[in-house]
Amino acid sequence: MRIATTLVAVLLLISFSRAAETAPSTQPQSFTGTLRHLNDAGGAHWTLVGEGASGGMDVDISNVEDDAKELEGKRVTLEGRMAPATQEGDARPPRVKAEKI
């Protein structure tokens, strides 16, 4: 199940932005999808789900929390940088640290 989730996340990353294909990971990137707040077995977290996709990409909204709460459930474009895994061997999908929605 985790392999499938990781594969979906990788495919979403490719489809979210063509800029992501050429931009270094230290540069801000744009991602478009539906912003969702989930509360599941992994705890409460935010995801950005691409059109027609299941799963999604984890989003750290700590810099834009008020905007994220207002835009929950809506299609948004956010700018952010890819964040490293929180722990070595972390099997969660890639995480974007949102800087602007």
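The CD atom of Glu99 sits 4.5 Å away from the CZ atom of Arg81 when rounded to the nearest 0.5 Å. Taken from CD1 in Ile61 to CD1 in Ile101, the straight-line distance is 7.5 Å, to the nearest 0.5 Å. If you take CG on Leu71 and CZ on Arg36, they are separated by 13.0 Å, rounding to the nearest 0.5 Å.
Closest approach of Val96 to Met57, counting heavy atoms only: CG2-SD, 2.9 Å. Among all heavy-atom pairs drawn from Asp58 and Thr47, the shortest one is OD1-CG2, 3.6 Å. Looking at every heavy atom in both residues, Asn63 comes nearest to Ala98 through CB-O, 3.5 Å. Of all heavy-atom pairs between Thr77 and Ser30, the closest is CG2-CB, 4.3 Å.
The residue from Val59, Thr32, Leu48 that alone fulfils the side chain to side chain contact (heavy atoms under 4.5 Å, CB included) condition with Val76 is Leu48.
Within the structure, side-chain hydrogen bond (donor to acceptor under 3.5 Å, both in side chains) contacts touching residues 67-76 (residues at least two apart or in different chains) are Glu65-Lys69.
A salt bridge is defined here as a Lys NZ or Arg NE, NH1 or NH2 lying under 4.0 Å from an Asp or Glu carboxylate O, and Asp60 with Lys97 meets this definition.
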